[in-house]
There are 2 protein chains.
Amino acid sequence: MGRRQDLIDTALRLFYEHGIHAIGINQVLQEAGVAKQTLYNHFESKDSLVEAAVEHRDKLFFQWLESRMNSQPAGREALMEMFDAVHDWFNDRVPSLQRFYGCFFINTCGEYSDPDHPVHRRCAAHKTKVFELLKRHALEICTSETEADELANALFLLKEGAIVKAHVEGDLDAALKAKAIASRMISPH
Amino acid sequence: MGRRQDLIDTALRLFYEHGIHAIGINQVLQEAGVAKQTLYNHFESKDSLVEAAVEHRDKLFFQWLESRMNSQPAGREALMEMFDAVHDWFNDRVPSLQRFYGCFFINTCGEYSDPDHPVHRRCAAHKTKVFELLKRHALEICTSETEADELANALFLLKEGAIVKAHVEGDLDAALKAKAIASRMISPH
DNA sequence: TTAATGGTAGACAGATCTGTCTATTTTGGT
DNA sequence: ACCAAAATAGACAGATCTGTCTACCATTAA
C-alpha cells in the first residue's frame, strides 16, 4: 500500500498548491519517485488519481475539523472552536493540511465546473458533510430543526467567506473576524 | 479595437467556464475567429491575455453590481439589493455575466496561488473594491467607522459564502438565505 | 529452481501547448 | 489610386501532455 499512497500524497500536494490542470503526471511521478507504469497499475487515468486525491483531502480535512470541534463541549463551544481551527489553518499551524492555499474543494470546482463530473460531486459531498457536522452541533443549542438549519447555514457561509477572503486577499485574520460575527449571532442577548 | 476585445471576450468566456490552464490559446483563437499573430500583436503572452480577461471581468462585474445597488436608496436597501442581484446571477438571469460558474476571481486564484502574481493581485484588488462598495453603503447606516467596517465585512463574508455554496453544492437559493441572515443582522431591533 | 508478482526505467506514439516566422491579403486613410 | 498598417493562414520549433509498451530487476512462494 506504499506506492499508491505516495502517489496520492504527492498529487494532492501539487494539485493543491498549483491547481490540477497545471500539474502533469510526469511531475507527480518524479516527485513521488514512482515509475509511470506503477501509476497506471493503480489508477486508470489522471482523472482517477484526481478523484483519489480529492477523497484523501476530504478524509484528512474532515477528520481534523471534527476532532478539533470534539475537543470542546458539543454545541456553542464546538462551533466557536471551528473558527479557531480554521484560523490555525490559515496561519499555517496545521502541518497535516499543508500550507494554506485556500480551499482545495473550492479551487477544484473552479477547474471542474460540470456539477455531474465525479470530481465536482466529491467536492460537493465534502461541503455537505461539513455542513452536517455544523448542524449536529447547532441542534444542541437550537429549539427547532429549522432554527438549527439556519444557524448552521449562517456559520457555514461565514466560514466559506473567511476562507475566500484569507486566500484571495491574504487576510490572515479573516477567521477571527468571522468568529466575532458568529459569536454575536449565537448569543446576542 | 475590434479584434483585441474579441479575444478578451472569448478568452474570458472560456476561462470562466473551464478554468485557465484547461484552455489553450489555439481554442481561443479558433472560437474568436482571429489569427494567432494578431493575438501576439496585442498581447505579449498568454498570461498577459489572462490579465486582460481578469481586468475585463472586474469592470463588467463591478459596474453591474454597483448599478444594481444604486437602483436602491443608499444604505440598507442598497445592501439588501446586493443579495437580490447575486441571486439573479446564480440563477442565470444576468446575461452580461454569462452562465454562473462560481466567482471567476476565486476560481482564478485557485490556479494562481502566488499572491504576488499579477493575476492574483488583480483578483484581490477586485474583491477589495467590492468590499469598499459595501462599506460605503454601510457607513450610511452605521454610527462609527469601525462599526461600518464590521458590517461590511459580515455582509461580504455572507456573499462570498453564498457564491461558494451556490457553485460547489448547486444551492440556487444560497443568496436568498444569505439575505435573510443579513437582514436580521442589520435590523434585529 | 521456477514461476508469479510488482516495481523500475525509459522509449515511444500521438496529441497539444506556447510562441515565432513567413508570405499573402485585407483594410483604411489620404 | 496608392500606400502603410493590420489581419490572415499556416508552417514550424520545441516543449510538454497522457497513456502504452517493452525489457529488466527484485522479492517471494511453491
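Note on naming: letters A, B, ... go to the chains in the order of the sequence lines (proteins, then strands), and numbering restarts at 1 for each one.
- For B:His18 (side chain) and A:Glu111 (main-chain N/O), no donor-acceptor pair under 3.5 Å exists by modelled atom type.
- Centroid-to-centroid, the aromatic rings of B:His120 and B:Tyr112 stay 6.0 Å apart or farther.
- Residue A:Gln30 contributes atom CD, which lies 13 Å from atom C1' of C:dA9 at whole-angstrom precision.
- D:dA9 atom C1' lies 13 Å from atom CG of B:Asn26, rounded to whole Å.
- The side chain of B:Gln37 has D:dA9 as its nearest neighbour among D:dA7, C:dT8, D:dA9.
- Protein atom CZ of B:Phe43 is 11 Å distant from nucleotide atom P of D:dA7, rounded to whole Å.
- Between A:Lys46 atom NZ and C:dA15 atom C1' there is a gap of 15 Å when expressed in whole angstrom units.
- Counting non-hydrogen atoms of neighbouring residues, nucleotides and ligands closer than 6.0 angstrom, the NZ atom of B:Lys59 reaches no more than 12 such neighbours.
- For a distance-only test at 3.5 Å, the side chain of A:Lys36 qualifies as a donor-acceptor partner of the base of D:dG19.
- Not one side-chain nitrogen or oxygen of A:Ser45 sits closer than 4.0 Å to the OP1 or OP2 atom of D:dT18.
- Note: OH (A:Tyr40) to C1' (C:dG6) measures 18 Å, nearest angstrom.
- Side-chain N/O atoms of B:Arg4 include none lying less than 4.0 angstrom from OP1 or OP2 on D:dA6.
- Looking only at atom types and distance, the side chain of A:His117 has a donor-acceptor partner in the side chain of A:Asp47 under 3.5 Å away.
- We find that CG of B:Leu7 is positioned 14 Å from P of C:dG19, with the value rounded to whole Å.
- Heavy atoms of A:His42 sit under 4.0 angstrom from primed sugar atoms or phosphate atoms, though from no base atom.
- Summarising the geometry, the separation between CG on B:Asp47 and C1' on C:dG19 is reported as 13 Å, rounded to the nearest angstrom.
- Atom-to-atom, CG of B:Asn41 to C1' of C:dG19 comes out at 13 Å; the value is rounded to the nearest Å.
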